[in-house]
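Shown next, in C-alpha cells, is the structure this report addresses.
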Amino acid sequence: MGIVSQDAITQLSRVVDGAEEPLKVTFQNVHQGYPNETLVRFLKAREWSVPKAQKMLVDSLSWRIQNHIDDILSKPITPVDLYREIRDSQLIGMPGYTKEGHPVFAIGVGLSTYDKASVHYYVQSHLQMNEYRDRVILPVASKKYGRHIGTCVKVLDMTGLKLSALSQIKLLTTVFTIDDLNYPEKTETYYIVNAPYIFSACWKVVKPLLQERTRRKVKVLQGCGRDELLKIMDYASLPHFCTREGSGSSRRSSSGPDDCFSLDHPFHQQLYDYIKQQAATDNLVPPSKQGSFHVDVPEPDPEGIQIVKTIETELHKIGDRRNGLSHSLSGLEIDSA
C-alpha cells in the first residue's frame with residue numbers, strides 16, 4: 001500500500017473517530033474488527049478521493065441508522081410459507097467457498113420472477129443476506145483461513161433471460177443502488193454463465209459505461225462455466241447450474257439440499273434459523289400479520305442511472321427488431337409446389 005493510500009486511510013479514519021456515537025456504533029457492525037480494510041473499500045469506490053469517500057461513508061452509516069439496518073437480522077420474514085415463495089422467486093444461494101476462502105454466491109438472474117411478494121420483502125431478504133454474509137460468513141471464513149476475507153465471488157446464471165426482464169429493472173435497480181452505495185467493493189469477481197443473446201447485446205453497450213475497476217471484475221464464461229470455475233473452487237462448491245451443460249440449467253428439477261436456491265439448502269436453513277434466534281434473543285413479539293421491513297432507497301449515482309437507461313433502450317431495440325421480424329414473417333405467403 002502506497003504512502004498516498006495510507007494517508008487517505010488516516011484522513012478517513014479521523015472522520016470516523018470524530019463522528020457522533022451512533023455512527024461509530026453502526027460502523028463497528030460494518031467493519032467487524034477490520035476498520036482500515038472497510039475504509040479502503042469506500043476509498044476504492046470513490047477512486048481514492050477522501051472528500052468523496054467521506055461523504056459516501058457518512059451517508060451510508062446514516063442510512064443504516066435511519067433504516068435500522070443493524071437490527072435487520074432479527075426481523076424474520078413470516079410466515080415461513082411466504083419466505084419459501086420469496087426463495088422460489090428470488091433465486092440466490094451460497095453453495096460453498098473458493099479455494100482461497102471467498103464465499104460463492106449463486107444468482108439465477110434469468111429465472112428469478114420477483115412476483116410472489118411486494119418489493120419490500122425482496123429488498124429485506126437481500127439485505128439480510130448481505131448482513132449475514134458480512135457479520136457471520138466472512139468473519140468465520142477469516143478465522144478459518146487465518147487472514148482477512150472481506151469479499152465474495154458471484155456466479156450469475158443468465159439462463160432464461162428474456163425481454164420480460166424489463167419489468168424487473170426497477171427492483172434490480174433498487175438492489176443495485178443499495179449495494180453500490182452501502183456495500184461497496186464486496187464482490188471480488190462476477191462470473192456470467194449461460195449467457196443468451198439478449199445478455200450479450202446489453203453487455204456490449206453497457207461495458208463501455210463501467211469504470212475500469214468494475215469491468216475487470218466481470219468475466220463472461222463459455223456455457224455453464226464449469227471448467228473455468230473449477231480452477232478457483234472445488235466441484236462441491238459449484239452452483240448446481242454449473243455442474244451440467246444445457247438450457248434451463250438453473251431451473252430446479254427437484255427441491256432439496258443440493259439446490260442452493262432452495263429453502264431446504266443448508267445455507268438458507270442456517271440463515272433462517274439464525275434470524276429466528278436473533279429475534280428470540282431480542283425478545284421481539286412476532287407480528288400479528290405479515291409485514292415487511294421498509295427501507296429507504298438512496299438516490300442512485302448518475303453512472304447507475306445511465307446504465308439502467310442504456311439497458312432499457314437496448315431491450316426495447318431488441319423487442320422492436322423481434323416484433324418487426326414477426327410482422328414481416330406474418331405477411332409472407334408460401335406458394336405450394
Side-chain angles (χ1 to χ4, degrees), residues 72-73 75-95 103-133 152 154-179 183 190 192-196 198-199 202 224 239-242 246-276 287 289-295 297 308 311-312 315:
I72 200 169
L73 287 178
K75 307 287 186 181
I77 296 175
T78 56
V80 68
D81 287 344
L82 172 62
Y83 189 64
R84 186 175 292 278
E85 288 187 334
I86 290 173
R87 291 279 58 79
D88 286 343
S89 54
Q90 182 188 35
L91 304 181
I92 182 170
M94 186 189 142
V104 178
F105 282 87
I107 304 172
V109 177
L111 293 174
S112 292
T113 56
Y114 305 102
D115 60 351
K116 301 298 183 181
S118 71
V119 62
H120 302 292
Y121 282 111
Y122 290 112
V123 171
Q124 178 180 353
S125 169
H126 178 79
L127 285 172
Q128 286 177 333
M129 289 195 198
N130 278 359
E131 292 294 311
Y132 186 70
R133 173 197 66 195
C152 64
K154 293 182 179 178
V155 184
L156 280 58
D157 182 25
M158 297 297 169
T159 297
L161 189 65
K162 298 181 176 65
L163 286 173
S164 57
L166 187 61
S167 64
Q168 301 169 8
I169 281 185
K170 183 177 181 181
L171 173 59
L172 296 176
T173 301
T174 297
V175 170
F176 171 81
T177 300
I178 289 174
D179 284 358
Y183 301 90
Y190 297 89
I192 310 296
V193 302
N194 297 319
I198 188 173
F199 169 80
C202 289
C224 70
H240 60 278
F241 52 79
C242 293
S247 60
S249 56
S250 69
R251 190 181 300 279
R252 295 201 295 271
S253 57
S254 63
S255 181
D258 293 334
D259 170 15
C260 67
F261 294 150
S262 170
L263 182 56
D264 299 320
H265 188 272
F267 166 73
H268 287 296
Q269 287 293 305
Q270 292 163 11
L271 169 59
Y272 201 68
D273 287 345
Y274 182 88
I275 293 174
K276 288 192 295 183
K289 60 180 181 179
Q290 297 175 8
S292 58
F293 188 93
H294 288 227
V295 174
V297 181
V308 171
I311 292 174
E312 289 179 332
L315 287 173

Going through the distances and angles, do Arg87 and Asp264 end up as a salt bridge (Lys or Arg N to Asp or Glu O under 4.0 Å)? CA-CA 10 Å; Arg87 291 279 58 79; Asp264 299 320; over 6 Å; no
Begin with the C-alpha distance, continue with both residues' side-chain angles, and end with the deciding distance and a verdict on side chain to side chain contact (heavy atoms under 4.5 Å, CB included) for Asp179 and His126. CA-CA 10 Å; Asp179 284 358; His126 178 79; 2.8 Å; yes
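Contact detail for Val123 and Ile178: the closest heavy-atom pair is CG1-CD1, 3.8 Å. Taking every heavy atom of both residues into account, Pro196 and Asn194 meet most closely at CD-O, 3.3 Å. Tyr272 and Val80 make their closest contact through OH-CA, 3.7 Å (heavy atoms, listed as atom of the first residue, atom of the second, distance).
For Tyr132, the side-chain hydrogen bond (donor to acceptor under 3.5 Å, both in side chains) criterion is met by no residue, not counting sequence neighbours. In terms of the side chain to side chain contact (heavy atoms under 4.5 Å, CB included) criterion, residue partners of Tyr190 (sequence neighbours excluded) are, by chain and number, Lys154, Leu156, Thr187, Lys217, Val218. Residues meeting the salt bridge (charged side-chain N to carboxylate O under 4.0 Å, His left out) test with Asp273, sequence neighbours left out: Lys276. Applying the side-chain hydrogen bond (donor to acceptor under 3.5 Å, both in side chains) rule to Tyr114 yields no partners; only residues at least two apart in sequence or on another chain are considered. Thr173 meets the side chain to side chain contact (heavy atoms under 4.5 Å, CB included) test with Ile169, Thr177, Val308; sequence neighbours excluded. Applying the side-chain hydrogen bond (donor to acceptor under 3.5 Å, both in side chains) criterion to Gln128, with sequence neighbours excluded, gives no partner residue.
Taken to the nearest 0.5 Å, the CZ atom of Arg133 stands 10.0 Å off from the CG atom of Leu127. Put simply, OG1 on Thr113 and CD on Glu85 are 10.0 Å apart, with the number rounded to the nearest 0.5 Å. Here CD1 of Ile275 is found 5.5 Å from OH of Tyr83. Values are rounded to the nearest 0.5 Å. Put simply, CE on Met129 and CG on Leu73 are 11.5 Å apart, with the number rounded to the nearest 0.5 Å. Leu82 contributes atom CG, which lies 11.5 Å from atom NZ of Lys116 (distance to the nearest 0.5 angstrom). From Ile92, atom CD1 reaches atom CD1 of Ile86 across 13.0 Å, with rounding to the nearest 0.5 Å.
You'll find the side chain of Val193 reaches within 4.5 Å of the side chain of Phe241, heavy atoms only.
Between Met94 and the choices Cys152, Cys260, Pro103, the side chain to side chain contact (heavy atoms under 4.5 Å, CB included) rule is met once, by Pro103.
Between the side chains of Ser125 and Gln90, a donor-acceptor pair is found at a separation under 3.5 Å.
Using modelled atom types, no side-chain atom of Gln124 and backbone atom of His294 make a donor-acceptor pair closer than 3.5 Å.
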